[in-house]
Enquirer: 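Sharing a structure with you now.
Just so it is clear, the model here is predicted, and its values are computed rather than measured. Chain identifiers are assigned alphabetically (A, B, ...) following the order of the sequence lines, protein sequences preceding nucleic acid strands; residue numbering begins at 1 within each chain.
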There are 2 protein chains.
Amino acid sequence: MPELPEICNLARQMDSALKGKRVADVSVRQEKCLNVPLRKFTALVAGKTIGSVTARGKWVFMELRPGVHFLLSLGMGGDALYHKPGAAPPGKYQVKLGFDDGSALSIAFWWFGYAHAVKTAEIKSHKMTASLGLSPLDNSEYTYQAFSVLLGGKKGAIKPVLMNQAHIAGIGNVYIQDILFRAKLHPTRKISEISEAERKLLFRVIKESLKRAAELGGLAYEKDLYGRPGRFKDFLVGYREGQPCPECGATIEKIKTGSTATFICPSCQIQAVRPERRPGSAPPCSRDPRASCAPPPRRTA
Amino acid sequence: MPELPEICNLARQMDSALKGKRVADVSVRQEKCLNVPLRKFTALVAGKTIGSVTARGKWVFMELRPGVHFLLSLGMGGDALYHKPGAAPPGKYQVKLGFDDGSALSIAFWWFGYAHAVKTAEIKSHKMTASLGLSPLDNSEYTYQAFSVLLGGKKGAIKPVLMNQAHIAGIGNVYIQDILFRAKLHPTRKISEISEAERKLLFRVIKESLKRAAELGGLAYEKDLYGRPGRFKDFLVGYREGQPCPECGATIEKIKTGSTATFICPSCQIQAVRPERRPGSAPPCSRDPRASCAPPPRRTA
DNA sequence: AGTTGCAACAGGGA
DNA sequence: CTCCCTGTTGCAAC
């Protein structure tokens, strides 16, 4: 459950389920995912009481009163699972917190993840979270103006900038796919060549795509705190290599952009600014991209 | 007179002509070429007596006793001219030092140059000179082993590394042309793909090319301390775009490599390691590249 | 024809 | 599907 929608959902569930519990037991099976030696980690976490749990970007912030924050990143994938009192003990995990009521939280990631403990007073010095940029679901900080400032003066391609957590926090290589498609932007489009209208559309598409996915409980192939999958699965172009574009029917391609893969519709997502449409000529894509948070039209019948 | 041969020649002439003179007068027409405010520059320089003058890379180091060094870089081109007592005053210059015997040194560069004054005790903190690398005409520091260490582990192209003053001090975009040609290396050849034999040849070619040019008093289109031109003008491929390669007759090309221009023989200078020559096949270039410090064969008669 | 500093980019590794 | 670090490369500036 790596990106912002899943993390938002997870943090909300943790906030409801765990708040007020006291950490009675700390079990770490993989010390390298910690930011401090095991002894220090345990000393920081054990005995603390869980306060608010929030999300920012791909990170979960769990308050451990008094004076500590537990910071969790699931990296390229993993689960944070709640185990109620008396439930069967968790199987595979890297870190487990047992609570005073017999319940537990187990954390398992299958590649790289981070379970960090920092003193709240020193949280500013935790680089990976301190450098996080705008939260796209927070309307007070994610404004069109702030978004424009972010892109201002940049010379590179649009995709890496949107995925840079220091700019906008929470977009990974999954949700970026349909965001770029809905914004009708090729991943390597130069930022300096994005028109005002395109930038406005992109701004809205980011917010609405992530919001929609969060409302659906995140990706269908990720689990929530209770092991249940999300309901978001209908990608427009993401992971649909070889299938038809829902807008124009062209065959979706999987390309390499820098070191990451991108799925694009080669006809809808263009590298240059779309030329002015002359009166009478057909629009390149007929549907309103803003409407496409809904599942794509089925072409199977 | 920008690169090492010209600077060596200039420093030697300055050492002979200026040593022992006392700076009586400082005139600065372009303050931005200084490293300190004009008042401070004057305070450091005026009244001092010239000691040894030496060269390192593209910089002239002039001792100003007691306790100061005058550091001069002519940037992309310029002159440092001696004016004997009673001679006509210099025309255009950015910086002029007048001496107690009525002679003067005028410095004029036509783009960017530096005339810096630093306390000798603080010379290590003068970044542009402190970071200079190996002197290719100093056999005790420019050894094949040191050269190999420089190239070790590098992944990029050979040309920018040779022109990096922190590695080898003194090669610019003029002398690099024939150095690469004599070493039979394409400017974008990957360092990791240079063979041992090629590296040995390159090591020698650098030293011998610069030494030969210095012995000729530098470039024919540059002036020495007395306004006289050097005698080096017979480039093998440098600035000979469209003319035949002196080795194989192929047409010399001017290409862009990164942000600089390079003149190459497309047939002699290859990007891949030269394949082993099978017995009986003709060598790609018949002349011994080590012999080519002499002028190229004339093709005009 | 020079150098610096920064942004962008690519590769290796945890 | 992650991130950081490093070195490299390109560009704009003086």
Enquirer: Give B:Y239 one of three labels, base, sugar-phosphate or nothing, depending on what nucleic acid heavy atoms sit under 4.0 Å from its own.
Expert: sugar-phosphate
Enquirer: For B:S27, give me all partners under side-chain hydrogen bond (donor to acceptor under 3.5 Å, both in side chains), at least two apart in sequence or on another chain.
Expert: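 Result, side-chain hydrogen bond (donor to acceptor under 3.5 Å, both in side chains) vs B:S27: B:Y93.
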Enquirer: Assert yes or no for the condition that the ring centre distance of A:F232 to A:Y175 is strictly below 6.0 Å.
Expert: yes
Enquirer: Between A:Y114 and B:K32, name the one whose nearest nucleotide on DNA chain D is closer to the 5' end.
Expert: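 Result: A:Y114.
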Enquirer: Under a 4.0 Å threshold between the charged nitrogen and the carboxylate oxygen, would B:E6 count as salt-bridged to B:K58?
Expert: no
Enquirer: A:M76 side chain: which of C:dT4, D:dT2, D:dC3 is closest?
Expert: D:dT2
Enquirer: Just the atom pairs and distances: protein N or O near nucleotides 6-13 of chain C's N or O, under 3.5 Å.
Expert:
from  : atom 1 : to     : atom 2 : distance (Å)
C:dA8 : OP1    : A:K155 : N      : 3.3

Enquirer: Please report how far the helix from C:dG2-D:dC14 to C:dA14-D:dT2 bends, comparing the axis fitted to its first five pairs with the axis fitted to its last five, to the nearest 10 degrees.
Expert: 10°
Enquirer: Do B:T262 and B:K159 pair up side chain to side chain, a donor and an acceptor below 3.5 Å, judged on atom types alone?
Expert: yes
Enquirer: C:dT3 P sits how many Å from B:I168 CD1, rounded?
Expert: 14 Å
Enquirer: Do any side-chain nitrogens or oxygens of B:K127 fall under 4.0 Å of OP1 or OP2 in C:dG5?
Expert: yes
Enquirer: Mind calculating the distance between NZ (B:K159) and C1' (D:dT9) to the nearest angstrom?
Expert: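 After rounding, the gap between these two atoms is 14 Å.
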Enquirer: In terms of side-chain heavy atoms, does A:T188 have a donor or acceptor partner in A:Q271 at a distance below 3.5 Å?
Expert: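 Side chains of A:T188 and A:Q271: pair found under 3.5 Å.
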Enquirer: Please list, chain by chain and in numerical order, all residues satisfying side-chain hydrogen bond (donor to acceptor under 3.5 Å, both in side chains) with B:N9, sequence neighbours excluded.
Expert: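 Applying side-chain hydrogen bond (donor to acceptor under 3.5 Å, both in side chains) to B:N9 gives B:R12.
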Enquirer: Using the six-membered base ring of D:dC14, report whether B:F112 stacks on it, requiring centroids under 5.5 Å and planes under 30° apart.
Expert: yes
Enquirer: Rounded to whole Å, please give me the gap between NE2 in B:H116 and P in C:dT3.
Expert: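 Distance check: B:H116 NE2 to C:dT3 P gives 13 Å.
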Enquirer: Can you tell me how far P of C:dA1 sits from CD of B:Q177, to the nearest Å?
Expert: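 Rounding to the nearest Å, CD of B:Q177 and P of C:dA1 are 7 Å apart.
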Enquirer: Can you measure A:N35 atom CG to D:dC3 atom P for me and round it to whole angstrom units?
Expert: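 Those two atoms, CG and P, are 17 Å apart.
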Enquirer: List for me each residue that meets salt bridge (Lys or Arg N to Asp or Glu O under 4.0 Å) alongside B:E241, sequence neighbours excluded, and say none if there are none.
Expert: none
Enquirer: Expressed in angstrom and rounded to an integer, what is the separation of B:L219 atom CG from C:dG2 atom P?
Expert: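 About 11 Å, once rounded to whole Å.
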Enquirer: Who are the ring-ring contact (aromatic ring centres under 6.0 Å, His included) partners of B:H69, not counting sequence neighbours?
Expert: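 If we apply the ring-ring contact (aromatic ring centres under 6.0 Å, His included) test to B:H69, skipping adjacent residues, there are no hits.
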Enquirer: Starting from P on C:dT3, measure out to CG on B:L71 and report it in whole angstrom.
Expert: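 Distance, rounded to whole Å: 15 Å.
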Enquirer: Using atom NE2 of B:H126 as one end and atom C1' of C:dT3 as the other, report the distance to the nearest whole Å.
Expert: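 Spelled out: NE2 on B:H126 to C1' on C:dT3 is 12 Å.
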Enquirer: Does this structure show an ion pair linking A:E215 with A:R231, if we count only N-O contacts that are shorter than 4.0 Å?
Expert: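 Judged by the 4.0 Å cut-off on N to carboxylate O distance, A:E215 and A:R231 do not form a salt bridge.
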Enquirer: Between atom CD1 of B:I206 and atom CD1 of B:I168, what is the distance when rounded to the nearest 0.5 Å?
Expert: 4.0 Å
Enquirer: Closest approach to the side chain of B:M128, judged atom by atom: which nucleotide of C:dT3, C:dA14, C:dA1 is it?
Expert: C:dT3
Enquirer: Could you check which of D:dC3, C:dT3, C:dG2 has an atom nearest any side-chain atom of A:Q165?
Expert: D:dC3
